[in-house]
Participant: 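Shown below is the structure under consideration.
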Amino acid sequence: MTARYSWRAGVGFAVGAVLLFAVAPVALSDFRLSLLAKYLCLAMVAVGIGLAWGRGGLLTLGQGVFFGLGGYAMAMHMKLADAGPGEMPDFMQLYGQLDALPWWWRPFASPWFALPATVLLPMLVAFLLGSLVFRRRVRGAYFAILSQALAAAMVILLIGQQGTTGGTNGLTDFQGFFGYDLDDPVNQRMVYFIVAGVLLLLLAIARQLMLSRYGELLVAVRDSEERVRFLGYNPANVKLVAYVAAAGMAGLAGALFVPAVGIINPALIGIVPSIEFVIGVAVGGRATLLGPVLGAVAVAWAKTALSEEFPAAWTYLQGLLFVLVVAFLPGGLASLVRMVRRRRPPPDPAPVSPAPVVSPQEVRA
Amino acid sequence: MLDIRGRWKGALLPLAAILALSACGSKTGENESVGGAVADTSGDTVKVGLLNSLSGTMAISEVTVRDSIKLAVEEINASGGVLGKKIEPISEDGASDWPTFAEKAEKLIREDKVAAVFGCWTSASRKAVKPVFEENKALLFYPVQYEGLEQSPYIFYTGATTNQQIVPGLEYLKSQGKTSVYLVGSDYVFPRTANKIIKAYVQANGMTVLGEEYAPLGSTEFGTIVNKVKASKASAVFNTLNGDSNVAFFKEYKSAGLTAASMPVVSVSIAEEEVKSIGTQYLDGQLTAWNYYQTTPGAANDKFVKAYKAKYGQDKPTSDPMEAAYVSVYLWKAMVEKAGGFEVDKVKAASDGVTFDAPEGLVTVDGATQHIYKTARIGKVGPDGLITEVWNSGQPVKPDPYLKGYPWAAGLS
């Protein structure tokens with residue numbers, strides 16, 4: 001790692017922090033700021049997809065599952081906190097006709113269980129699925145279809161269990177977030193700051209992973225899995241780490257999406273939103289660190305702006321936008337930066353980090 | 001060498017900001033008067049929001065509702081507006097996506113500062129926007145029949161609640177000597193809740209439910225379900241399917257040799273618009289439960305149908321949700337005029353007893369529930385694709401969203 005490179009990253013993070021924490025809150029109305037919080041949540045999912053797909057070549061068309069697990073875990077906790085100790089959430093009293101809270105709801109009453117669960121639950125599911133799938137060398141289109149089937153299955157499960165999951169309505173109508181009244185604009189702003197802070201943190205983690213020796217290995221697996229295997233590494237474990245990390249990020253995004261937007265429902269986690277996550281990453285540039293974030297925010301922002309301006313025709317314009325990006329910027333928005341940079345002398349060749357995150361012994365296991 | 005400090009410097013800044021701000025917000029239950037957007041009615045015009053799906057699976061239905069709201073707005077503007085102000089409609093696309101509905105509702109209230117919002121169709125979209133309206137203390141007029149068990153202080157429900165549609169439908173079946181029903185519905189909140197109510201009614205009235213089947217929204221696979229229905233030999237079917245599924249269901253139903261004479265189907269989501277898209281030959285003689293049909297007699301309806309066809313085309317039918325949406329704009333106007341202003345509290349306070357000579361007959365707002373008195377009407381689909389009334393409740397039925405007046409429904413809410 002050259003000093004110049006990390007110095008630049010430090011400046012990058014500082015600029016991002018200033019934009020998110022100083023400029024945006026002043027420049028945007030409360031409503032627009034809450035929309036930005038939503039976009040940034042989607043951007044967190046994108047960071048994970050950038051890692052798994054951009055770096056690892058795992059086309060995950062089912063990130064909605066992990067987003068949903070995190071979102072529902074948080075929403076269940078908030079619903080129980082609203083209802084008060086020993087009480088059932090409002091929708092259960094309406095539709096469920098249950099006498100008592102289902103057993104699998106109960107632990108979520110405790111924030112000490114619910115908060116870690118928003119991240120660990122998706123990671124656990126990704127670990128179980130990933131260990132099965134990657135060891136059996138399922139890859140490419142088969143992996144994409146499998147991940148998508150999982151999203152479809154989860155939606156059907158949630159809708160069918162209306163009494164305990166809220167069905168198509170999902171979970172909505174939250175009063176408070178860890179005791180803070182969500183109606184209060186000050187607290188809404190607070191949620192935005194948390195979201196922005198977490199996004200920067202995830203970016204730092206993703207950057208660390210990408211620049212580490214593990215990151216090199218991940219790219220190697222993407223480009224030639226067989227060659228990596230012959231070098232003595234187990235590609236299944238390399239992929240598993242990226243997949244589990246991406247799932248954790250999606251879970252955290254879902255968890256923060258709930259207080260920021262105020263709803264989680266099956267329509268947010270099914271096949272279509274899962275593909276939309278990937279579209280954002282593709283538009284931004286999947287193999288870069290910031291590309292997925294910019295892409296996710298740009299796509300979400302364009303959706304809002306176009307639909308407000310042209311409520312009857314915005315879907316066509318959005319489609320046109322995707323076609324234009326794919327046709328003229330196959331590397332995504334991030335390749336714009338590279339185009340500009342190409343006119344200057346190229347930077348130093350990619351350095352090798354001396355501090356590996358995963359040692360070859362672990363990976364080989 | 002890795003410069004760890006440089007990398008984490010950026011992450012520390014947000015943490016500091018979070019800590020600095022964490023003491024400011026109010027706790028839950030501390031302050032009751034937070035939130036609340038004020039409508040901007042200072043100009044010559046008053047803005048209202050139109051929130052309907054203009055894209056996605058619900059667009060086919062919701063666009064017709066948007067059109068009839070626009071018709072009402074134009075008529076009101078032509079006759080001088082509301083309190084001397086012309087209405088300026090602002091249309092937003094809910095995109096058949098519930099969180100989008102919430103986002104657009106917030107935009108209409110907070111950015112456009114509208115005086116009221118008209119729209120939403122599915123129960124899920126209503127549930128998604130409900131907290132937005134309550135938090136901002138703004139008004140929504142919801143024009144579609146729904147599953148009841150709800151009473152938000154910031155929503156006026158101008159479509160039927162269960163005791164104005166489903167219960168009369170069941171009473172009609174009972175009066176026709178039907179003793180057993182089979183329940184078929186789409187898999188979402190309205191059919192599941194409606195079927196709970198139906199089962200409670202059936203049990204209390206000596207009838208039986210012979211089966212209950214749900215198809216995923218948009219499903220077109222009905223072979224198995226229709227076979228089960230046929231094998232059950234039920235005396236009637238209660239259908240809460242939504243949208244495209246009805247096309248496949250009724251085609252399958254007919255090809256299985258079932259007819260309106262052998263096993264009638266009562267539908268609660270099929271209006272004139274849907275009859276056209278399903279095909280009259282598949283629906284001939286089947287029953288529907290609504291509060292309004294294009295054929296409902298009366299001068300008010302003649303005027304409405306004529307105006308709608310003149311604006312949007314002679315081949316366009318009018319239907320119950322369109323009528324309820326049209327009525328909702330006039331009811332809002334009447335409430336505002338009675339209140340003497342656009343303020344939400346005043347409008348709500350003035351709402352009780354407001355009447356309108358609607359195409360469906362006289363409707364009256366019940367201030368306590370914010371629903372309206374509506375006449376229940378059972379109709380039969382004719383060969384011309386129009387629905388003609390075969391029974392009505394004689395007078396407007398008092399809305400009872402929680403079915404408190406029905407002993408058999410005691411355990412439902």
Side-chain angles (χ1 to χ4, degrees), chain A residues 1 3 6-7 9-10 12-14 16-17 20-21 29-31 34-35 38 94-95 97 156 159-160 162 167-170 172-176 179-181 183-187 189-190 193-194 196-197 200-201 204 207-208 261-263 265 267-268 304 307-308 311-312 314-315 353-355, chain B residues 1-3 5-11 13-15 17-18 21-22 24-31 34-35 54-56 91-93 95-100 102-104 106-107 110-111 122-124 127-128 130-132 134-135 149-150 187-189 192-193 196 214 216-217 411-413:
Chain A
M1 171 70 30
S6 72
W7 173 80
F13 273 106
L20 289 174
F21 286 92
S29 67
D30 282 349
F31 168 64
S34 74
L35 283 185
K38 174 176 154 181
L94 261 188
Y95 304 125
Q97 292 187 295
I156 292 170
I159 291 177
Q162 184 182 311
T168 32
N169 288 356
T172 172
D173 210 349
F174 303 105
Q175 310 303 323
Y180 287 94
D181 188 346
D183 286 1
D184 189 337
V186 178
N187 290 336
R189 203 163 265 244
M190 184 65 208
F193 284 125
I194 295 174
L200 288 180
L201 197 70
R207 181 168 182 274
Q208 171 79 306
V261 179
I263 184 170
N265 72 4
L268 285 165
T304 302
S307 65
E308 279 177 10
W314 66 276
T315 37
S353 159
Chain B
M1 203 41 220
L2 275 169
D3 180 4
R5 267 176 304 163
R7 187 166 304 141
W8 296 99
K9 212 182 286 163
L13 206 68
L15 272 175
I18 288 168
L21 281 151
S22 60
C24 303
S26 63
K27 296 264 192 174
T28 40
E30 235 172 37
N31 188 354
V34 291
L54 308 179
S55 58
S91 189
E92 286 292 346
D93 180 10
S96 310
D97 177 55
W98 327 142
T100 303
E103 176 192 318
K104 299 299 181 192
E106 194 144 15
K107 185 248 174 192
R110 302 217 332 218
E111 298 283 298
T122 61
S123 288
K127 292 278 184 200
K130 180 172 159 272
V132 175
E134 290 175 353
E135 177 188 321
L149 309 179
E150 188 180 295
D187 199 354
Y188 75 108
V189 171
R192 282 187 178 270
T193 313
K196 246 170 213 153
Y214 295 97
L217 263 179
L412 286 175
S413 54

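Labels below follow one simple rule: chain letters A, B, ... track the order of the sequence lines, proteins then strands, and each chain is numbered from 1.
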Participant: List the atom of B/Val189, the atom of A/Gln162, and the distance in Å for their closest heavy-atom pair.
Facilitator: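 Scanning both residues, the minimum pair turns out to be CA-OE1, 3.3 Å.
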Participant: Considering only heavy atoms and a distance below 4.5 Å, find which of A/Ile156, A/Thr172, A/Leu20 pairs most often with chain B.
Facilitator: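 Answer, by heavy-atom pair count under 4.5 Å with chain B: A/Thr172.
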Participant: Working to the nearest 0.5 angstrom, can you tell me the gap between B/Trp98 CH2 and A/Leu268 CG?
Facilitator: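 If we round to the nearest 0.5 Å, B/Trp98:CH2 and A/Leu268:CG are 11.0 Å apart.
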Participant: Examine whether an atom of A/Ile159 lies under 4.5 Å from a heavy atom of chain B, and if so say whether it belongs to the side chain, the backbone or both; otherwise answer neither.
Facilitator: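 Interface part for A/Ile159: both.
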Participant: Under 3.5 Å, is there a donor-acceptor pair linking the side chains of B/Lys104 and A/Ser307?
Facilitator: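 Checked: B/Lys104/A/Ser307 side chains pair up, N/O donor to acceptor below 3.5 Å.
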Participant: Grab the two heavy atoms, one from A/Phe31 and one from B/Arg110, that are nearest each other, plus how far apart they are.
Facilitator: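 Minimum heavy-atom separation between A/Phe31 and B/Arg110: N-NH2, 3.5 Å.
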Participant: Looking at OG1 of A/Thr304 and CD of B/Glu103, how far apart are the two atoms once the value is rounded to the nearest 0.5 Å?
Facilitator: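 Nearest 0.5 Å value for the OG1-CD distance: 4.0 Å.
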Participant: What is the minimum heavy-atom distance between A/Ile263 and B/Ala128, and which atoms define it?
Facilitator: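 Closest pair (atom of A/Ile263, atom of B/Ala128, distance): CD1-CB, 3.5 Å.
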Participant: Which region of A/Leu35, side chain (C-beta onward) or backbone (N, CA, C, O), has a non-hydrogen atom less than 4.5 Å from a non-hydrogen atom of chain B, or is it both or neither?
Facilitator: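 For A/Leu35, the side chain is the part near chain B, not the backbone.
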Participant: How many angstroms lie between atom CG of B/Leu54 and atom OG1 of A/Thr315, to the nearest 0.5 angstrom?
Facilitator: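 Interatomic distance, B/Leu54 CG to A/Thr315 OG1, rounded to 0.5 Å: 9.5 Å.
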Participant: Measuring heavy-atom distances to chain A, does B/Asp97 have an atom under 4.5 Å in its side chain, in its backbone, in both, or in neither?
Facilitator: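 Contact with chain A is through the side chain of B/Asp97 alone.
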Participant: Counting only non-hydrogen atoms closer than 4.5 Å, does B/Pro99 touch chain A with its backbone (N, CA, C, O), its side chain (CB onward), both, or neither?
Facilitator: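 Looking at B/Pro99, backbone and side chain both touch chain A.
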Participant: Report which part of A/Asn265 has an atom under 4.5 Å of a heavy atom belonging to chain B: side chain, backbone, both, or neither.
Facilitator: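 Contact with chain B: side chain only.
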Participant: Looking only at heavy atoms, what is the nearest atom pair of B/Pro131 and A/Asp173, with distance?
Facilitator: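 So the two residues come closest at CB-OD1, 3.5 Å.
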Participant: If you count heavy-atom pairs under 4.5 Å with chain A, which of B/Lys107, B/Glu106, B/Glu134 comes out on top?
Facilitator: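 Between B/Lys107, B/Glu106, B/Glu134, the count favours B/Lys107.
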Participant: Looking at A/Pro311 and B/Ser91, what are the two nearest heavy atoms and their distance?
Facilitator: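 Of all heavy-atom pairs spanning A/Pro311 and B/Ser91, the closest is CG-O, 3.5 Å.
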